[in-house]
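These notes are about the structure you will find just below.
Proteins come first, then strands; the chains are lettered A, B, ... in the order of their sequence lines, and each starts at number 1.
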Number of protein chains: 2
Amino acid sequence: MNTGSPHHEAVRLIQAGGASATAARVQVLRLLLAAHTTASHQTLMQAAMDEARPLDKVTLYRVLDWLVAQGLAHSVTGQDRVRRFSAVPIQHGHAHFECDACGRLFCLADHLGAQPRTPPGFEARQLDVTVHGRCADCTHAGA
Amino acid sequence: MNTGSPHHEAVRLIQAGGASATAARVQVLRLLLAAHTTASHQTLMQAAMDEARPLDKVTLYRVLDWLVAQGLAHSVTGQDRVRRFSAVPIQHGHAHFECDACGRLFCLADHLGAQPRTPPGFEARQLDVTVHGRCADCTHAGA
DNA sequence: GCATGAATGCAACCGAGTTGCACCCGTGCC
DNA sequence: GGCACGGGTGCAACTCGGTTGCATTCATGC
């Protein structure tokens, strides 16, 4: 198979779960795979527009939710209250980096540290670590 | 001084910065101090209503922003995209616990683990750790 | 070809948060 | 006492991310 093509890679990933690879799903997943950082709903809308295949915003929300439910993407909510999505497969417990200057969110490869102790009775299930600061671009631009 | 009275404690904290302790500021800070968990904007609106001293929502937003700017409160944005506020003084690097069942956010006393490694060029400034799971109330209710 | 269900598109809606502006009220000055 | 001034407050309208309801389209199995 042609794993070199982002399009076919997206189709392959979607069909791997036995689901039908509809145009919208393939397009969104392809855009997510192509994005180097996480992508917001708005970014994806714009990207779809740019390639002359505009997506309905509701369809986009539904496709994104579906991708997250399928484990093909994951979402992070930034400080600006905007959800951002990434096609990185869920490595449970990977950290994020949020740039305070440009607002972009990056997935970090590094694993997490120890989980903080929770009060008695509290049942911890997942750890969510976000590093705030400046991304390489903004550090460079500001220096 | 009467540190036993939440009201006077709030007045003292506000005036410590040389600012005027207006009714709205004292009321909001008092409500925050009285809350055992973090409080959302809506919670505070309701609490103010309950004590027959309703607050304008804009005033509340402005007072909260002011309190955060003064370092008298801090805000956390949950997965539900709602900001929650706490009067706990900023101990840089304290973690939060977000209950997936009831949505409440708690401040954890425990310190954070090691900061994940960031890619080259990235400048880390602050670490934000949130544990997801079920709070004591929800664990108890669900069992 | 046709029934069926999932996926899509459109419009209207919701809720958190913001902005603009008028008003109030305490303070300093004459 | 009257008045200008400025910070704080209240109201209304707005923005924006996201959701819901519903009709339509499309793929799929029979």
### Query
Hey, can you pull the residues of residues 20-47 of chain B with a non-hydrogen atom under 4.0 angstrom from DNA chain C?
B:His41, B:Gln42

Integer-rounded Å distance: [N] [atom2] and [X] [atom1]:
X: A:Asp65; N: C:dA7; atom1: CG; atom2: C1'; answer: 14 Å
X: B:Leu67; N: D:dG8; atom1: CG; atom2: C1'; answer: 14 Å
X: B:Gln79; N: C:dA16; atom1: CD; atom2: C1'; answer: 16 Å
X: A:Arg62; N: D:dG17; atom1: CZ; atom2: P; answer: 18 Å
X: B:Asp80; N: D:dG17; atom1: CG; atom2: P; answer: 17 Å
X: A:Leu55; N: C:dA7; atom1: CG; atom2: P; answer: 15 Å
X: A:Leu60; N: D:dG18; atom1: CG; atom2: P; answer: 10 Å
X: B:Phe85; N: C:dA16; atom1: CZ; atom2: P; answer: 12 Å

### Query
So, B:Phe85 versus B:His74, ring centres under 6.0 angstrom or not?
no

Can you check whether [Y]'s main-chain N or O pairs, donor with acceptor, with [X]'s side chain at less than 3.5 Å?
X: A:Ser5; Y: A:His7; result: yes
X: B:Gln126; Y: A:Val131; result: no
X: A:Gln27; Y: A:Arg53; result: yes

### Message
Exactly one of A:Asp137, A:Thr37, A:Thr38 should register a side-chain hydrogen bond (donor to acceptor under 3.5 Å, both in side chains) with A:Arg104. Which one does?
### Response
A:Asp137

### Query
Which is it for B:His132 and B:His96 under the side chain to side chain donor-acceptor pair (under 3.5 Å) test, yes or no, and what are the steps along the way?
CA-CA 9 Å; B:His132 290 264; B:His96 294 110; over 6 Å; no

### Query
Would you say D:dT19 has OP1 or OP2 under 4.0 Å from some side-chain N or O of A:Tyr61?
no

### Message
With a 4.0 Å limit, can you tell me whether A:Arg83 has a side-chain N or O closer than that to the phosphate oxygens OP1/OP2 of D:dT19?
### Response
yes

Of all the nucleotides listed ([options]), which has the minimum atom distance to the side chain of [X]?
X: A:Val82; options: D:dG17, C:dT18, C:dG9; value: D:dG17
X: A:Asp56; options: C:dT8, C:dT18, C:dC10; value: C:dC10
X: B:Thr59; options: C:dT19, D:dC22, D:dG10; value: D:dG10

### Query
Is a donor-acceptor pair below 3.5 Å formed from side chain A:Lys57 to base D:dG18, judging by atom type as modelled?
yes

### Query
Checking only heavy atoms, does the side chain of B:Arg81 share a donor-acceptor pair with the base of C:dG17 at less than 3.5 Å?
no

#### Entry: Most 5' of B:Val58 and B:Ala19 on DNA chain D, judged by nearest nucleotide
B:Ala19

### Side-chain heavy-atom pair A:Leu33, A:Pro6 within 4.5 angstrom cut-off
no

